[in-house]
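Below: one structure, written as structure tokens.
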Number of protein chains: 2
Amino acid sequence: MENITEMLKGVLEGCVLEIISRGETYGYEITQQLRELGFTDVVEGTVYTITMRLEKYNLVDIEKKRSTMGPPRKFYTLNAAGQEHLEVFWRKWEFVSSKINELKQNQNEKEQ
Amino acid sequence: MENITEMLKGVLEGCVLEIISRGETYGYEITQQLRELGFTDVVEGTVYTITMRLEKYNLVDIEKKRSTMGPPRKFYTLNAAGQEHLEVFWRKWEFVSSKINELKQNQNEKEQ
DNA sequence: AATCAGTACTATGTATTACTATATACTTGT
DNA sequence: ACAAGTATATAGTAATACATAGTACTGATT
């Protein structure tokens with residue numbers, strides 16, 4: 001799916017939070033998981049800006065670990081604030097997506 | 001629902017297109033319809049920037065009409081390009097929202 | 001040993017977009 | 001005359017995903 005950039009704004013951070021919430025992970029792996037999910041054009045730089053933001057707002061705990069596959073990895077885990085943030089995200093998503101689907105549903109009412 | 005601004009980016013334009021597709025309407029009325037839908041904090045300025053964009057990319061036809069309730073209204077209708085754009089929007093929405101719901105669905109697989 | 005591919009983090013700058021705030025103007029009711 | 005509701009217009013701001021590039025480590029190929 002091409003050019004979904006703008007539609008991803010505001011949801012990509014939540015997706016990253018959700019991925020982290022499933023267990024310790026790091027930037028490169030998060031990028032790959034987003035690509036596997038279907039957001040194939042997401043690049044490392046994008047995920048990096050998000051993880052930096054999560055750090056900045058203290059939503060994650062960080063641990064640096066060596067890897068046999070390349071340079072050290074920065075592992076993230078959600079802390080309490082991050083968990084809270086994730087729940088708020090899903091509540092917002094439920095709200096917004098339900099409203100948009102409502103609009104979509106009414107598509108056939110055009111001719112009234 | 002507070003602070004859904006970022007989540008509306010990339011979808012609000014599509015919502016406006018959908019509203020216009022149901023029949024001739026104008027900026028002020030579009031704003032009200034978005035508010036009725038649940039996006040209560042959307043303001044006229046926001047809708048104005050969107051309709052200006054639609055004009056700029058020639059997705060709408062415009063007709064100015066007098067009103068008994070205030071200054072003249074600028075009525076919009078979707079043209080063929082706008083209709084096409086709207087269909088692309090819904091395809092993108094289907095894709096993105098299904099992927100995010102997939103992610104959400106798997107919430108309980110965290111402990112595997 | 002030298003090079004390259006894959007892994008992995010970091011950094012800067014840009015485009016897009018919704019919002020804020022404000023200005024202008026028309027109509028009706030008081 | 002004035003205020004409130006209706007309605008368009010515009011400049012400036014903040015947030016975010018992306019493009020692009022750089023640095024660095026490991027293992028395999030040459």
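Not measured: the values here are computed from a predicted model. Order of the sequence lines sets the chain letters (A, B, ...), proteins ahead of strands, with each chain counted from 1.
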### Query
dC9(C) phosphate, OP1 or OP2: any side-chain N/O from Tyr26(A) under 4.0 angstrom?
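Negative; the distance criterion is not met.
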
### Query
Taking only side-chain nitrogens and oxygens of Tyr28(B), does any of them come within less than 4.0 Å of OP1 or OP2 of dT8(D)?
no

Starting at [atom1] of [X] and ending at [atom2] of [N], how long is that distance when rounded to a whole Å?
X	N	atom1	atom2	result
Lys74(A)	dA11(C)	NZ	C1'	12 Å
Leu34(B)	dA7(D)	CG	C1'	16 Å
Asn3(B)	dA14(D)	CG	P	15 Å
Tyr76(A)	dT10(C)	OH	C1'	10 Å
Met52(B)	dG12(D)	CE	P	16 Å
Glu24(A)	dA8(C)	CD	C1'	16 Å
Leu54(A)	dT10(C)	CG	P	13 Å

## Note on the structure
When Ile62(A), Asn79(A), Val16(A) are each screened for side-chain contact (heavy atoms from CB on, under 4.5 Å) with Leu54(A), the one that passes is Val16(A)

### Query
Going from CG on Asp41(B) to CG on Leu8(B), what distance comes out if it is rounded to the nearest 0.5 angstrom?
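Asp41(B) CG to Leu8(B) CG: 9.5 Å, rounded to 0.5 Å.
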
### Task
Report yes or no: do Ile20(B) and Phe89(B) belong to one cluster of Ile/Leu/Val/Met/Phe/Trp/Tyr joined by side chain heavy-atom distances under 4.5 Å?
yes

### Query
If two hydrophobic side chains count as joined below 4.5 Å and joins carry through other members, does Val96(A) share a cluster with Phe95(B)?
yes

### Message
So if I define the base as every atom that isn't primed, P, OP1 or OP2, how would nucleotides 12-22 of chain C read as a B/S/- string at a heavy-atom cutoff under 4.0 Å?
### Response
---BBBSBB--

### Message
Can you list, in residue-number order, the parts of residues 60-70 of chain A that come under 4.0 Å of DNA chain D, counting heavy atoms only?
### Response
Thr68(A), Gly70(A)

### Query
Where do Leu34(B) and Cys15(B) come nearest, in terms of heavy atoms and distance?
CD2-CB, 3.9 Å

### Message
Show the nearest heavy-atom pair for residues Leu78(A) and Ser21(A), with the distance to one decimal.
### Response
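Taking Leu78(A) first and Ser21(A) second, the nearest heavy atoms are CD1-CB, 3.6 Å.
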
### Query
How would you list all residue pairs meeting salt bridge (charged side-chain N to carboxylate O under 4.0 Å, His left out) that involve residues 67-79 of chain A, not counting sequence neighbours?
Glu55(A)-Lys74(A)

### Query
Judged by atom type as modelled, is there a donor-acceptor pair below 3.5 Å linking the side chain of Lys104(A) to the main-chain atoms of Glu94(B)?
no

### Query
Can any side-chain N or O of Asn58(A) pair as donor or acceptor with the backbone N or O of Ala81(A) at less than 3.5 Å?
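Between the backbone of Ala81(A) and the side chain of Asn58(A) there is no qualifying donor-acceptor contact (under 3.5 Å).
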
